[in-house]
Protein chains: 2
Amino acid sequence: MTSSLDTLARQFRERGHKLTQPRRAILRTLLAASRPLSPAEIQEYGQSYCQDLGLVTVYRTLELLEDLDLVRAVHVAQNCHGYALSTPGHTHHVVCERCHAVVEIVGCELGDFLDSVAERTGYAITGHWLEISGICAECRANERQDSTTL
Amino acid sequence: MTSSLDTLARQFRERGHKLTQPRRAILRTLLAASRPLSPAEIQEYGQSYCQDLGLVTVYRTLELLEDLDLVRAVHVAQNCHGYALSTPGHTHHVVCERCHAVVEIVGCELGDFLDSVAERTGYAITGHWLEISGICAECRANERQDSTTL
DNA sequence: GGCATAAATGGAAAATACTTTCACTACGTG
DNA sequence: CACGTAGTGAAAGTATTTTCCATTTATGCC
């Protein structure tokens, strides 16, 4: 959003990666996009900058850009494939990074925050999705154990 | 989480759906799970309750259960197919439901909320993911226009 | 500026994942 | 307990992602 192609390119090279034409095309496409794009879309639009940009390259470059924190995967509802029983009402999840256990948080205390978002962005807010990751008590206990036995 | 098989089954029937063996197997699997499962996993585990549970049925049943709000899709990072440039630092997205335009919210005001989550759940919070959906100013303007021209 | 070289590329094809179709089955009402 | 319909699984169809490898290209070095 705030980054220019130059800034991105510099960061890219500074971390020891080559700035090839295909990669430049992908960055340009992402810079020009007003919404998250799928790999196939990135290839399609990217070909206006780099004639024969391959889909494989798009996948590889996205992976790299994610590692470098220059790009992020955005949650797109249709394409999320984990399912869990929901408790009635509005809830959020806290997912353990180690064992993937899920705790649901029943209350939702984001009302004020969402109001301010609406005001700042001009959007009419219709919903939100919050997921919190962490390490559950059990896994932390196990980790302590592991490190003492080593 | 708090629901029993009986409760789920009752809600299911009350809303005019048949409670078949495959569906029962899927509900049982979800009840027994401690983390979100993919459709393929649900099929695999569900087969211990219903010998030849088909993947198609899993997809259809999940869709139905989502409609009934008995199950929810949980964001699983690997399977999200939208990519967007990330601005440096921590941001959240507001995505327009109509045109998919994305606005990034730069500040993050969830600190206090996350602290209370940590306290309540016993998790060490390592990160969070918030996405807000809404309708952007432009799309709302278009909608008003549409309804007056009709 | 040209050269060496290691990284990066694109196409083909394999491997996965997801959807749709359709003839058959079984739920549960009466 | 028979019947009608919602629900089913297998298989085919489509889309997505990964792997492999011969070829190309960016970049540091002269």
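What you see is a predicted model, and the numbers here were worked out from it, not measured in a lab. Proteins get letters first, then strands, A, B, ... in listed order; numbering begins at 1 in each. Hydrogens, waters and symmetry mates are skipped; everything else that's a heavy atom, side chains included, is used.
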Considering just the side-chain nitrogens and oxygens of Tyr59(A), establish if one lies under 4.0 Å of OP1 or OP2 belonging to dT18(D).
no
Just by protein heavy atoms under 4.0 Å, how would nucleotides 24-30 of chain D read 5' to 3' in B, S and -?
-BBS---
For atom CG of Asp112(A), is the number of surrounding heavy atoms from other residues, nucleotides or ligands below 6.0 Å larger than 12?
no
Of the non-hydrogen atoms in Thr29(A) and Gly46(A), which two are nearest, and what is the gap between them?
OG1-CA, 3.2 Å
Rounded distance (Å) that lies between atom P of dT16(D) and atom CD1 of Ile42(A)
13 Å
Atom pairs under 3.5 Å: protein N/O with N/O of nucleotides 20-23 of chain D:
none

In whole Å, I'd like the distance from the CD atom of Gln47(B) to the P atom of dT8(D).
14 Å
Has Thr61(A) got a side-chain atom pairing as donor or acceptor with Val58(A)'s backbone, closer than 3.5 angstrom?
no
Please report, rounded to the nearest Å, how far the P atom of dT16(C) is from the CG atom of Leu55(B).
15 Å
In whole angstroms, how far is the C1' atom of dT8(D) from the CG atom of Leu62(B)?
15 Å
How many Å lie between CD on Glu63(A) and C1' on dT9(C), as a whole number?
15 Å
Roughly, in whole Å, what's the span from CD in Gln43(B) to P in dT16(C)?
16 Å
Is Glu14(B) atom CD crowded by more than 12 heavy atoms from other residues, nucleotides or ligands, each under 6.0 Å away?
yes
Atom CD of Glu138(B) with >12 non-hydrogen neighbours under 6.0 angstrom
no
Considering residues, nucleotides and ligands other than Glu119(B), do more than 12 of their heavy atoms fall under 6.0 Å from its CD?
no
Whole Å only: how far is the CG atom of Leu53(A) from the P atom of dA8(C)?
15 Å
Taking all heavy atoms of Leu53(B) and all of Gln43(B), pick out the closest pair and write down the distance.
O-NE2, 3.1 Å
Have a look at Val71(B) and tell me which of Ile26(B), Leu8(B), Leu30(B) forms a side chain to side chain contact (heavy atoms under 4.5 Å, CB included) with it.
Leu30(B)
Go through Ile135(A) and Tyr123(B) one step at a time and tell me if the side chain to side chain contact (heavy atoms under 4.5 Å, CB included) criterion holds.
CA-CA 5 Å; Ile135(A) 304 175; Tyr123(B) 276 52; over 6 Å; no
